[in-house]
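In what follows, chains are A, B, ... by sequence order, proteins preceding strands, each numbered from 1.
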Amino acid sequence: METSGEAFPKRFRLRKRREYLQAQRVGRRLTSPHFIVYARPNGSRRPRLGITVSRKVGKAHVRNRLKRLVREVFRRARQEFPSGMDFVVVAKSEIAPPDLLQTRDELLGLVRRFDAARPAPRRDNR
RNA sequence: CGAGUAGGUCAGGUGGUCGCCGGCGUCCAAAAGACGCGGGAGGAAAGUCCGAGCUCCGCAGGGCGUGGUGCUGGUUAACGGCCAGUCGGGGUGACCCGAAGGAAAGUGCCACAGAAAGCAAACCGCCAGCGCGCUCGAAAGGGCGCGUCGGUAAGGGUGAAAGGGUGCGGUAAGAGCGCACCGGGGGGCGGGUGACCGUCCUCGUCAAGGUAAACCCCACCUGGAGCAAGACCGUUUCGGGGCGCUGCAAAAGCAGCCCAGGUGCCCACCUGGUCGCCUCGGGUCAGGUCGCUGAAGGUCCGUGGCAACACGGAAAGUAGAUGAAUGACCAUCCCCCACGUUCGGGUGACCGGCGUGGGAGACAGAACUCGGCUUACGACCUGCUCGGAGA
RNA sequence: CGGGGCGUAGCGCAGCCUGGUAGCGCACAUGCUUCGGGAGCAUGUUGUCGGAGGUUCAAAUCCUCUCGCCCCGA
């Protein structure tokens with residue numbers, strides 16, 4: 001039932017606050033000029049995406065546009081994202097919002113670094 | 001052509017590819033999923049400044065209080081909105097702006113300055129009388145200074161503001177003291193539903209400041225919260241009440257209560273699980289479903305009305321998400337700029353066409369719904385006004 | 001989405017209701033004290049009162065609009 005191509009239905013997204021908090025607490029973190037990305041294994045066979053854009057980034061239509069850009073990158077290049085991982089993309093409040101190409105380059109750059117570092121180190125205990 | 005003013009319209013279009021949200025249908029036992037059909041942001045969706053619907057709580061009725069509104073008449077489900085008018089102010093004008101009731105119901109305040117800031121008074125002045133001194137004069141009398149007692153509100157000075165304004169007359173000096181004009185008060189008549197307007201008469205005792213976006217008075221409106229309202233269902237936990245059973249106990253009362261397995265039976269113990277039954281209440285899982293999209297709605301036509309709007313009819317038709325959809329890319333058309341042009345018009349500057357390259361398309365994203373207000377913002381169209389030029 | 005609060009000196013706050021002078025603490029500067037520093041004492045500096053408009057003679061204060069920040073509600 002692996003949806004081929006570039007679809008992006010709900011099961012590829014994070015839907016619960018708890019999932020976001022878990023990813024941000026125990027996941028690995030990498031940053032680029034416009035984004036912070038958290039990643040952690042989710043125990044399934046597909047990658048999932050969650051996006052956080054706070055009100056500091058801009059007004060509603062600016063935030064909507066940013067989320068659409070990030071979704072578009074994920075949708076177009078889902079093969080580049082390692083499966084079995086949850087990703088949470090947090091937008092930083094930069095003065096100039098990025099365009100699609102910039103978003104794509106930054107996010108895929110970060111994802112390749114995750115990929116190179118796999119398997120992600122379990123940092124539990126304490 | 002330039003400057004301005006009022007009103008209106010649109011909110012980039014078309015095609016293709018890849019996606020998203022929810023609806024209906026088909027396949028499928030069902031779920032998941034697949035396929036098909038049709039739908040999917042705004043004029044401000046924004047700020048949340050008003051008003052309603054709707055929901056829960058409160059409530060016999062009325063009053064007080066609180067808050068709001070404040071020229072008049074209309075309009076509406078309602079409004080602080082809108083329409084039409086009145087008055088005042090601004091602008092050469094088109095036109096625009098106005099929280100625009102009451103200060104002779106009461107209270108408060110008016111800093112500094114100033115004599116005095118609200119019961120009217122009088123600092124410097126001005127003027128008359130009286131007294132004293134000096135002086136001029138033959139005398140009558142005059143001049144100057146000081147004092148005193150009066151008359152004044154012209155002038156000076158202070159202030160945001162000092163008891164109508166300007167002018168002439170008048171006077172010892174002055175003053176609505178008299179007069180003219182302007183302003184103001186009262187009354188009559190006429191017009192208007194009314195705010196108010198017009199006109200005539202009369203008042204100089206014209207009895208007197210401002211502030212009500214100070215308290216207040218008057219008139220009218222006004223219960224509180226909000227769809228995260230609220231309703232239903234589940235999940236799990238805590239507590240109260242009742243019932244039943246068991247044990248202890250004389251009783252009051254206290255404690256416990258289910259199922260399965262270890263283990264053939266009983267007690268105890270251990271492990272696991274939804275831990276007697278009924279009922280009430282609070283919390284947990286930002287649990288699920290409903291509320292949730294049908295318009296006091298928009299368009300067109302007709303009738304009434306200056307208009308806001310009302311009434312009647314017709315056709316079309318409805319975004320409903322919940323870490324939250326309505327998007328991305330490509331091509332092309334529209335707009336601007338630059339360059340080129342064996343193209344067209346023109347004497348010419350230049351204008352138009354075509355081609356190439358580049359750039360721009362504002363403000364901004366539904367979250368229960370609707371009527372307004374306010375704020376943000378791109379382009380175009382129309383009427384009108386003022387100025388300039390030409391015929 | 002809905003409801004509420006706050007913007008005053010470099011920092012934390014008062015003053016606003018009841019309009020005329022913006023004040024307190026810390027900090028800062030200068031002097032005294034000390035061999036020097038700290039502490040102490042004395043003196044002093046510092047303000048678009050978030051922004052725009054209005055009412056008033058006069059606005060941080062009253063009214064309207066606007067910007068920013070914070071808190072609460074299942």
Side-chain angles (χ1 to χ4, degrees):
Chain A
M1 69 173 182
E2 198 47 44
T3 319
S4 67
E6 301 171 340
F8 183 51
K10 278 181 180 169
R11 59 173 187 275
F12 285 92
R13 301 178 218 159
L14 268 60
R15 307 283 308 275
K16 296 282 182 185
R17 175 171 174 78
R18 188 179 305 137
E19 298 171 341
Y20 278 81
L21 293 178
Q22 289 235 329
Q24 291 182 28
R25 200 172 61 246
V26 307
R28 292 196 59 224
R29 190 179 81 158
L30 290 176
T31 61
S32 73
H34 291 94
F35 303 101
I36 304 169
V37 177
Y38 297 88
R40 80 170 186 118
N42 60 15
S44 86
R45 290 230 308 280
R46 44 179 165 261
R48 297 196 304 171
L49 178 68
I51 309 168
T52 294
V53 185
S54 81
R55 274 191 57 210
K56 292 184 180 178
V57 174
K59 297 194 173 184
H61 81 280
V62 175
R63 302 201 303 272
N64 276 341
R65 171 154 180 80
L66 244 164
K67 291 197 272 190
R68 286 165 181 159
L69 286 176
V70 174
R71 270 203 302 271
E72 189 70 10
V73 168
F74 181 82
R75 184 174 76 81
R76 290 278 180 182
R78 212 175 65 220
Q79 282 71 21
E80 308 270 342
F81 285 77
S83 49
M85 296 282 283
D86 279 349
F87 296 92
V88 171
V89 178
V90 179
K92 295 160 123 180
S93 52
E94 289 301 310
I95 303 114
D99 60 9
L100 184 76
L101 275 170
Q102 218 174 335
T103 307
R104 178 189 179 83
D105 292 346
E106 286 190 23
L107 288 183
L108 292 186
L110 293 182
V111 165
R112 291 198 186 92
R113 289 168 61 194
F114 279 122
D115 209 23
R118 284 181 79 199
R122 299 287 301 166
R123 32 171 266 194
D124 33 11
N125 62 40
R126 83 207 56 189

Within the sub-3.5 Å range, which N or O atoms of nucleotides 323-325 of chain B have a protein N or O partner, and how far apart are they?
| from | atom 1 | to | atom 2 | distance (Å) |
| --- | --- | --- | --- | --- |
| B:rG323 | O2' | A:Leu14 | O | 2.6 |
| B:rG323 | O2' | A:Tyr20 | OH | 2.8 |
| B:rG323 | O6 | A:Arg17 | NH1 | 3.1 |
| B:rG323 | N2 | A:Ile51 | O | 3.3 |
| B:rG323 | N2 | A:Thr52 | OG1 | 2.1 |

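Look at NE2 on A:His61: it is 14 Å from P on B:rG47, rounded to the nearest Å. To the nearest angstrom, P of B:rC329 lies 9 Å from CZ of A:Arg76. When rounded to the nearest whole Å, the span between CG of A:Leu69 and C1' of B:rG19 equals 14 Å. Computed from coordinates, the A:Leu100 CG to B:rC18 P distance equals 18 Å when rounded to whole Å. Between the P atom of B:rU326 and the CZ atom of A:Arg65 lies a distance of 12 Å, rounded to the nearest Å.
Every residue was checked against the salt bridge (charged side-chain N to carboxylate O under 4.0 Å, His left out) condition with A:Arg104, not counting sequence neighbours, and none meets it. In terms of the side-chain contact (heavy atoms from CB on, under 4.5 Å) criterion, residue partners of A:Arg63 (sequence neighbours excluded) are, by chain and number, A:Val53, A:Arg55, A:Ala60. Among residues two or more places apart in sequence or in another chain, the side-chain contact (heavy atoms from CB on, under 4.5 Å) test is passed with A:Asp105 by none. Residues passing the side-chain contact (heavy atoms from CB on, under 4.5 Å) test with A:Thr103 are A:Phe35, A:Leu69, A:Val70, A:Val73, A:Pro98, A:Leu107, sequence neighbours excluded.
Using P as the reference atom, B:rC216 and B:rU48 are 31 Å apart when rounded to the nearest Å. Straight-line distance between the P atoms of C:rA9 and C:rC67: roughly 23 Å, to the nearest whole Å. Across B:rC49 and B:rC79, the matching C1' atoms stand 12 Å from one another, rounded to whole Å. For the C1' atom pair drawn from B:rG39 and B:rC384, the interatomic distance equals 46 Å after rounding to whole Å. Straight-line distance between the C1' atoms of B:rU75 and B:rG43: roughly 25 Å, to the nearest whole Å. B:rU92 and B:rU385: their C1' atoms are spaced 10 Å apart (whole Å). Taking atom C1' in both B:rG61 and B:rG223, one finds a spacing of 15 Å when rounded to whole Å. Nucleotides B:rC130 and B:rA140 are separated by 16 Å at their P atoms, to the nearest Å.
To the nearest 0.5 Å, the span separating CZ on A:Arg28 from CZ on A:Phe87 amounts to 10.5 Å.
Here the closest heavy-atom approach between residue A:Pro47 and residue A:Pro82 is recorded as CB-O, 3.5 Å. Summarising the geometry of A:Ile51 relative to A:Lys67, their closest heavy-atom pair is CD1-O, 3.6 Å, with the distance given to 0.1 Å. Heavy-atom minimum distance, A:Ser32 versus A:Lys92: O-NZ, 3.1 Å.
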RNA chain C in dot-bracket, Watson-Crick or G-U pairs under 3.5 Å, [ ] crossing, | other strand? ((((((((.[[[[.)....(..]]]].(((((.......))))).....[[[[[..)....]]]]]))))))).
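Under the Watson-Crick or G-U wobble criterion, with both distances below 3.5 Å, B:rG131 is paired with B:rC146. With a 3.5 Å ceiling on both atom-pair distances, the Watson-Crick or G-U wobble partner of B:rU9 is B:rA379.
At the heavy-atom level, A:Arg63 lies nowhere under 4.0 Å from the strands shown.
Distances from the side chain of A:Glu72 to the nucleotides B:rC329, B:rG327, B:rA364 place B:rG327 closest.
Anti is the conformation of B:rG291, whose glycosidic angle sits further than 90° from 0.
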